[in-house]
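Quick notes on the structure that follows.
Chain A is the first sequence line, chain B the second, and so forth, proteins listed ahead of strands; every chain is numbered from 1.
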There are 2 protein chains.
Amino acid sequence: MSSTPSSAADGAPAAGASLTPAFSPLYQQIKGLILHSLQHGEWKPGEAIPSETELAARFRVSQGTVRKAIDELAAENLVMRRQGKGTFVATHAEQQVQYRFLKLQPDNGDVRGEAPAERTVVECRRVRASADVARALALRTGDAVMQARRVLSFAGVPTILEDIWLPGQAFKGLTAGQMAGYQGPTYAMFELDFGVRMVRAEEKLRAVLPDPAQAQWLAVDTSTPLLSVERLAYTYNDAPMELRRGLYRTDTHHYHNELS
Amino acid sequence: MSSTPSSAADGAPAAGASLTPAFSPLYQQIKGLILHSLQHGEWKPGEAIPSETELAARFRVSQGTVRKAIDELAAENLVMRRQGKGTFVATHAEQQVQYRFLKLQPDNGDVRGEAPAERTVVECRRVRASADVARALALRTGDAVMQARRVLSFAGVPTILEDIWLPGQAFKGLTAGQMAGYQGPTYAMFELDFGVRMVRAEEKLRAVLPDPAQAQWLAVDTSTPLLSVERLAYTYNDAPMELRRGLYRTDTHHYHNELS
DNA sequence: GAGTGGTCTAGACCACGCG
DNA sequence: GCGTGGTCTAGACCACTCA
């Protein structure tokens, strides 16, 4: 990667082997380099990354090109800009929005204030991955995974029952205490204690009836319809790192979504 | 708005009356002007807007400033860029994604192919707004609204039951034939026949049990949990223009959502 | 006042679509 | 070959933060 625009495609495949020229703008390549540093922990969550000028010097491109790269990273919530201060590695802790991935809201607007949910961890143990869990997490059936089950209550009312599966390798030693004790988002604990940062997620929603055990945890009867939310959360690289199956009570809360 | 940077805040409040200086970047002001033209139909959905160079000349700013304004409009899906061709007013018709706001997907991936839903319009009539409908649509109780009810089926299986409310004034003369007959998204028909373009929407999801009538329309029994989706769709200006209450069967489909 | 991100400009060149 | 959006640069100045 030199400083002349004409060599912007330096990273392209070698001599004529490719049908699609795979032209890649310089700023995309810079973005890739910054992303690489993020993945490999050159800067930790919450820390500032080098200034645009500094990165421009390091990569031998103009500040405007670095800016466009960082613009995209900021749009993807991987990085947070603060005018006058710098650009910071995004983190699930100390973020203005506490539960970024939780779309359940109380029916009576009341912002997202609402006491930040009491957690009861029902269990947390090391198990072997079933076929479907393994497939979701890109593991092999029988591989070690950590499994946790917990109940979240709002104002004393049990509202969410969740089962969580995590790859055993990355989350070796996870305890019920960690799942319960940490103040703030569980994903913030994952960053601090395991160095795993969840970057994006996909959810599949369905309406279901609970089985008797589930109904008991949520203090409803088995004829109460519940919102089933299956979430697959990814870290950098689109690597799946968490499978979560949740049951939400939607009598006092609703799942809120914005479309555009 | 002159061409010197120092007058970038031309649109700010008059002499010292404001506590918050309300500095507004030039590109935001340009964005506002383009938005105004979009709202007032200077360019119709699907048409090209003037080139960046042309707009830069019209507004007496640099092409880069226009570009940044259009960048934001494109990010909000109000406008679509096509390299080499131009920038086009976004439309719900002829878009690569047919049903942009419909997040229901068949369980067996199968892309979004799946035959584009047979529509059965059950009713479509002019009624007086109830209190809650009026509040949602920013009308007064008793104002005229159009109400439609329909069933969407996939592969012959009734899957969605929807009630739709629209402001009577803007949608005067809407018929069941229009709701049923139009090929493609209903929102495309709204653009063509009523000049109303839906720009964004909010949805509230819940798990519910159907009443006997609803169950019959969806060919399920009253103990089958269904996904209740209440959508409020907005046109330009954040003006609410449609209330939609849907019941989704989630035995063969699921509601898919991306978080980031 | 020094440093950071944010805005604005002007000009050169590239990739794409189409006649 | 022309016009469009897309990339890249370089430099000036503005707004914000903090010491």
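- Rounded to an integer number of Å, the gap from NZ of A:K68 to P of C:dG5 is 18 Å.
- Remark: the backbone N or O of B:H36 is paired with a side-chain donor or acceptor of B:H40 at under 3.5 angstrom.
- A straight line from CZ of B:R60 to P of C:dC8 spans 17 Å, rounded to a whole angstrom.
- Regarding A:I49, its CD1 atom lies at a distance of 12 Å from the P atom of C:dT4, rounded to whole Å.
- A straight line from OH of A:Y27 to C1' of D:dG6 spans 8 Å, rounded to a whole angstrom.
- Atom CZ in A:R81 sits about 16 Å away from atom P in D:dC16, given to the nearest Å.
- Between B:R67 and D:dG6 there is a side-chain polar atom (N or O) within less than 4.0 angstrom of OP1 or OP2.
- Distance CZ/B:F190 to CE/B:M198: 5.5 Å, rounded to 0.5 Å.
- Computed from coordinates, the A:Q63 CD to D:dC13 P distance equals 16 Å when rounded to whole Å.
- For the pair B:R231 and B:F101, the NZ or CZ position fails the cation-pi test of under 6.0 Å to the six-membered ring centre and within 45 degrees of the ring normal.
- At a threshold of 4.0 angstrom between heavy atoms, the contacts of B:Q83 include nucleobase atoms, whether or not backbone atoms are also involved.
- One interatomic measurement links the two molecules: CZ of B:F59 to C1' of C:dC8, which rounds to 16 Å at whole-angstrom precision.
- Phosphate contact (OP1/OP2 of D:dG5, side-chain N/O of B:T87, threshold under 4.0 Å): present.
- To the nearest angstrom, P of D:dG11 lies 17 Å from CD of A:E52.
- In this structure, A:T53 reaches neither bases nor backbone, as no heavy-atom distance under 4.0 Å exists between it and the strands shown.
- Distance from the side chain of B:K85 is smallest to C:dC18 among D:dA10, D:dT17, C:dC18.
- Under the 3.5 Å distance criterion, the side-chain polar atoms of B:E191 are matched with a main-chain donor or acceptor of B:H92.
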